[in-house]
A.B. asks: 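I'd like to ask you about the structure that follows.
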Amino acid sequence: MRLSRFPLSTTKETPADAEIVSHQLMLRAGMIRKLAAGLYTWMPLGLRVLQRVESIVREEMNRSGAVELLMPAVQPGELWQETGRWDKFGPLLLRFRDRHERDFCFGPTHEEVITDLIRREIRSYKQLPLNLYQIQTKFRDETRPRFGVMRAREFLMKDAYSFHLDAESLAEEYQEMYDAYTRIFRRTGLTFRAVQADSGAIGGSVSHEFHVLAESGEDAIVFSDGSDYAANVELAPALPPAGERPAPGGAMTTVDTPGVHTMDDLAASLDVPLSRCLKTLLVRGSEAPVVALLLRGDHSLNELKAERHPAVAEPLTLADRDTIRAAAGCEPGSVGPVGLDVPLVADHAALSLADFVCGANRDEQHLRDVNWGRDLPEPESADLREAGAGDPSPDGQGKLGVARGIEVGHIFQLGTRYSEDMNAAVLDDDGNSRFVHMGCYGIGVSRVVAAAIEQNHDANGMIWPEAIAPFTVAVVGINMHKSTQVADTAERIYRALLDAGIDAALDDREARPGVKFADMELIGIPHRIAVGDRGLERGQVEYRGRRDTDSQEVAVDDVVAHVRSLLQR
RNA sequence: CGGGGUGUAGCUCAGUCUGGUAGAGCACUGCCUUCGGGAGGCAGGGGUCGUAGGUUCAAAUCCUGCCACCCCGACCA
């Protein structure tokens, strides 16, 4: 590509409405342009990256035996009525009517359409297993689209659906997809992790998310340093502490704690570690109006775990100030379990405390040296807290570390949920009709692009992994409109790179060198060859990798081989 | 949906408090100089100041409604 004929449109200034670095850089580099909230045009530069990701996904899906098709983006509402999701999906589903007043929606996902297709097409177990996928634009009417294409309303998704006679076949295909996803994300050059994810009503570890690791990720994931255990933190169990609870020491006493309303205040004012304070959270109960959840002061509540506890009402609702005063007789900062007449559920770690500090259920007072069994009854125990760094791994091997990730892929065993609702069945070898088992497998293709930037950038801009870079090499002509020597050499190198099968850009714009360098760094081209009169006098050009701090001189005739050797690494 | 914020040139923003002829930088066009790390000079084009109404001799500025966008949260997978 000759950049003189390519609509590159970079800016020095960061657009005011972009919050995260990938969004800022994509706008500054001219990769995307906003049309409306959550709707973006992919400019030629951005589209090149998007298509590279798309190609990798397509190649590996095909390699895995999945077969590509393309379904309509617009879907009839009646299909969604069949599965009950017309109502359940709520405003996330963009609905509209055609001229005959029939209901339609713009597809946010395609389980209904593909299941409808399969029930018409597939009659026999001999036609199974089958895995069909598409790469297509989806629309989800998010209440708050944000972060550019990271969470857009319209986005590009690869969605695959597999169909099987039984659960065993589904499990095999699931593993096939797990392996394919691993190859896909490995090929993009990104650092990623597959983690166990919330599997909803189905149970077992039959759902995995694939996360690109990045500090700015919205999800926390935990992983063991002693095994391959990795999970979304919302799912990771926190093991009960090993060892016996220490014996009680001195008698319980009441202390005045004026102005103390937070756990940090409490630990500081009484000079006890946070880990020996007890946090009491009042939430709405499923039977009792209020239930107290007890946690160690340094632990935080895992909302998913709390919500799944039978005593807790769904959805999880923290008690408001009035409810707290009615139940405990004090302000939120002084609530404690001693003498509190509501059901108590204690996290395992909280239950192994001795001589702890907690609220006294009187304003501005707390209790010291409180002990389970002695000063109050032993409460029910449960796993309520968020697992954290340093915790033992749930599989018993190693300790947990915590990282942040961006969810770019999700694979799931659906079972017969949709096939039953929509009556998608085949005949087995005994002639019996059986509902097909289904799996679904998604990749947020456009989100991968943003995630790649979140993970790979510096003060000068983006740093693309070679596999998804918009161009692999930039040939920058220094003042090439003034020097035929430079123009000819740059042109020759550019053509030689193309002939070698390397995706090169020739920066033949009539711009100053500093502008060109800055642009090539902003748009993150992995390799750069600068051609200028100064070096050509000695038969040399300059090579510089995007992460390098210095350039190196390479003979004009060797530069293509030089780049090629770097690419083969 | 709740809370907060912002709407002035393509972009980043000043001007609004205290009403009185629409501004700067970047970008863009032309000319000159310069040109191996986001050049300088001169000249120029570009605005119904988000929108509708109101107050006023006079509104970007004050008042009211509406719209759009952004942030936090809840929601969603």
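Order of the sequence lines sets the chain letters (A, B, ...), proteins ahead of strands, with each chain counted from 1.
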A.B. asks: Which is it for A:Arg544 and A:Asp550 under the salt bridge (charged side-chain N to carboxylate O under 4.0 Å, His left out) test, yes or no, and what are the steps along the way?
C.D. replies: CA-CA 7 Å; A:Arg544 183 159 166 177; A:Asp550 290 303; 6.0 Å; no
A.B. asks: I'd like the P distance from B:U55 over to B:C1, given in whole Å.
C.D. replies: 32 Å
A.B. asks: Classify the nucleic acid contact of A:Gly535 as base, sugar-phosphate or nothing, counting any heavy atom under 4.0 Å across all strands shown.
C.D. replies: base
A.B. asks: What distance, rounded to whole Å, do you find between the two C1' atoms, one in B:A58 and one in B:U34?
C.D. replies: 49 Å
A.B. asks: Do A:Glu521 and B:G37 have a side chain to base donor-acceptor pair shorter than 3.5 Å?
C.D. replies: yes
A.B. asks: A:Lys516 near the nucleic acid: base, sugar-phosphate alone, or nothing, with a heavy-atom cut-off under 4.0 Å?
C.D. replies: nothing
A.B. asks: Ignoring hydrogens and angles, are the base of B:G38 and the side chain of A:Asp519 linked by a donor-acceptor pair under 3.5 Å?
C.D. replies: yes
A.B. asks: Between B:C70 and B:C28, how far apart are the two C1' atoms, rounded to whole Å?
C.D. replies: 28 Å
A.B. asks: Given B:G36, B:U12, B:A77, which nucleotide is nearest the side-chain atoms of A:Pro513?
C.D. replies: B:G36
A.B. asks: Closest to the A:Arg544 side chain: B:C69, B:G37, B:C76?
C.D. replies: B:G37
A.B. asks: Return the pairing partner of B:U34 with a 3.5 Å limit on both distances, Watson-Crick or G-U wobble; otherwise return none.
C.D. replies: none
A.B. asks: Can a donor-acceptor pair be found, under 3.5 Å and without considering hydrogens, that links the side chain of A:Ser22 to the backbone of A:Glu454?
C.D. replies: no
A.B. asks: Taking the C1' atom of each, how far is B:A9 from B:U29, in whole Å?
C.D. replies: 15 Å
A.B. asks: Is there, by distance only and without an angle test, a donor paired with an acceptor across the side chain of A:Arg28 and the base of B:G38 below 3.5 Å?
C.D. replies: yes
A.B. asks: Here's a test of your reading of the structure: between A:Thr10 and A:Lys88, which maps to the more 5' nucleotide of RNA chain B?
C.D. replies: A:Thr10
A.B. asks: When rounded to the nearest Å, what value does the distance between P atoms of B:G10 and B:G46 take?
C.D. replies: 12 Å
A.B. asks: Before accepting this row, confirm whether a basic side-chain N of the pair A:Arg528/A:Asp507 lies closer than 4.0 Å to the acidic partner's carboxylate O.
C.D. replies: no
A.B. asks: Between A:Arg534 and B:G36, is there a contact of a side-chain N or O with OP1 or OP2 at under 4.0 Å?
C.D. replies: no
A.B. asks: Taking only the side-chain heavy atoms of A:Arg146 (C-beta and beyond), determine which of B:C69, B:G73, B:U12 contains the nearest atom.
C.D. replies: B:G73
A.B. asks: If pairing requires Watson-Crick or G-U wobble contacts with both distances under 3.5 Å, which nucleotide is the partner of B:G44?
C.D. replies: B:C28
A.B. asks: Whole Å only: how far is the CZ atom of A:Arg33 from the P atom of B:G10?
C.D. replies: 14 Å
A.B. asks: Mind checking if A:Asn479 touches a base, just sugar-phosphate, or nothing, with heavy atoms under 4.0 Å?
C.D. replies: base
A.B. asks: As a test of reading the structure: which of B:C75, B:G36, B:C70 is closest to the side chain of A:Lys34, going by heavy atoms?
C.D. replies: B:C70
A.B. asks: In terms of the nearest nucleotide of RNA chain B, which residue is placed more toward the 5' end: A:Arg151 or A:Ala36?
C.D. replies: A:Ala36
A.B. asks: Which nucleotide in the set B:G36, B:C76, B:C69 lies at the smallest distance from any side-chain heavy atom of A:Glu142?
C.D. replies: B:C76
A.B. asks: When you measure from the side-chain N and O atoms of A:Arg144 to the phosphate of B:C72, is any distance below 4.0 Å, counting only OP1 and OP2?
C.D. replies: yes
A.B. asks: Between A:Glu13 and A:Thr11, do the side chains contain an N or O donor and an N or O acceptor separated by less than 3.5 Å?
C.D. replies: no
A.B. asks: Tell me the interatomic distance from A:Phe517, atom CZ, to B:G38, atom P, rounded to whole angstroms.
C.D. replies: 11 Å
A.B. asks: Between B:C76 and B:C63, how far apart are the C1' atoms? Round to whole Å, please.
C.D. replies: 40 Å
A.B. asks: Take A:Glu154 and A:Lys138, measure what salt bridge (charged side-chain N to carboxylate O under 4.0 Å, His left out) needs, and give me the verdict at the end.
C.D. replies: CA-CA 6 Å; A:Glu154 188 178 303; A:Lys138 299 283 191 270; over 6 Å; no
A.B. asks: Which nucleotide, if any, forms a Watson-Crick or G-U wobble pair with B:C57, using both distances under 3.5 Å?
C.D. replies: B:G20
A.B. asks: Please confirm whether any donor atom in the side chain of A:Arg528 sits under 3.5 Å from an acceptor in the base of B:G37, or the reverse.
C.D. replies: yes
A.B. asks: Going by atom types only, do A:Thr472 and A:His527 share a side-chain donor-acceptor pair under 3.5 Å?
C.D. replies: no
A.B. asks: Kindly confirm or rule out a cation-pi arrangement of A:Arg447 over A:Phe155, judged by NZ or CZ under 6.0 Å from the six-membered ring centre and within 45° of its axis?
C.D. replies: no
A.B. asks: Between atom CD in A:Glu218 and atom C1' in B:A77, what is the gap in whole Å?
C.D. replies: 12 Å
A.B. asks: Taking atom C1' of B:C76 as reference, at what distance in whole Å does atom CZ of A:Arg85 sit?
C.D. replies: 13 Å
A.B. asks: Which of the following nucleotides, B:A39, B:C76, B:C69, is nearest to the side chain of A:Arg512?
C.D. replies: B:A39
A.B. asks: Can you tell me, in whole Å, how much space there is between the C1' of B:A59 and that of B:U12?
C.D. replies: 26 Å
A.B. asks: Would you mind reading off the distance between A:Glu13 atom CD and B:A9 atom P, rounded to a whole angstrom?
C.D. replies: 14 Å
A.B. asks: Of all the nucleotides listed (B:A77, B:C70, B:G36), which has the minimum atom distance to the side chain of A:Glu407?
C.D. replies: B:A77
A.B. asks: Considering every strand and a 4.0 Å limit on heavy-atom distances, what is the contact class for A:Leu92: base, sugar-phosphate, or nothing?
C.D. replies: sugar-phosphate
A.B. asks: Looking at every strand, decide which applies to A:Thr14 at a 4.0 Å heavy-atom threshold: base, sugar-phosphate, or nothing.
C.D. replies: sugar-phosphate
A.B. asks: Does the pair A:Arg146/A:Glu19 count as a salt bridge with the N-to-O cut at 4.0 Å?
C.D. replies: no
A.B. asks: How long is the line joining CG of A:Asp17 and P of B:G7, in whole Å?
C.D. replies: 13 Å
A.B. asks: B:G73 pairs with which nucleotide, Watson-Crick or G-U wobble, both distances below 3.5 Å?
C.D. replies: B:C1
A.B. asks: Take atom P in B:U21 and the same atom in B:U16, then report the distance between them in whole Å.
C.D. replies: 13 Å
A.B. asks: Atom CZ of A:Arg509 to atom C1' of B:G36: distance rounded to whole Å?
C.D. replies: 15 Å
A.B. asks: Can you tell me the distance, in whole Å, between the CD1 atom of A:Ile529 and the P atom of B:G36?
C.D. replies: 20 Å
A.B. asks: In the structure shown, which nucleotide is the Watson-Crick or G-U wobble counterpart of B:G65, with both distances under 3.5 Å?
C.D. replies: B:U51
A.B. asks: Apply the test salt bridge (charged side-chain N to carboxylate O under 4.0 Å, His left out) to residues A:Glu111 and A:Arg417: give CA-CA distance (whole Å), side-chain angles for both, the deciding distance (0.1 Å), then the verdict.
C.D. replies: CA-CA 10 Å; A:Glu111 280 85 5; A:Arg417 195 217 160 217; over 6 Å; no
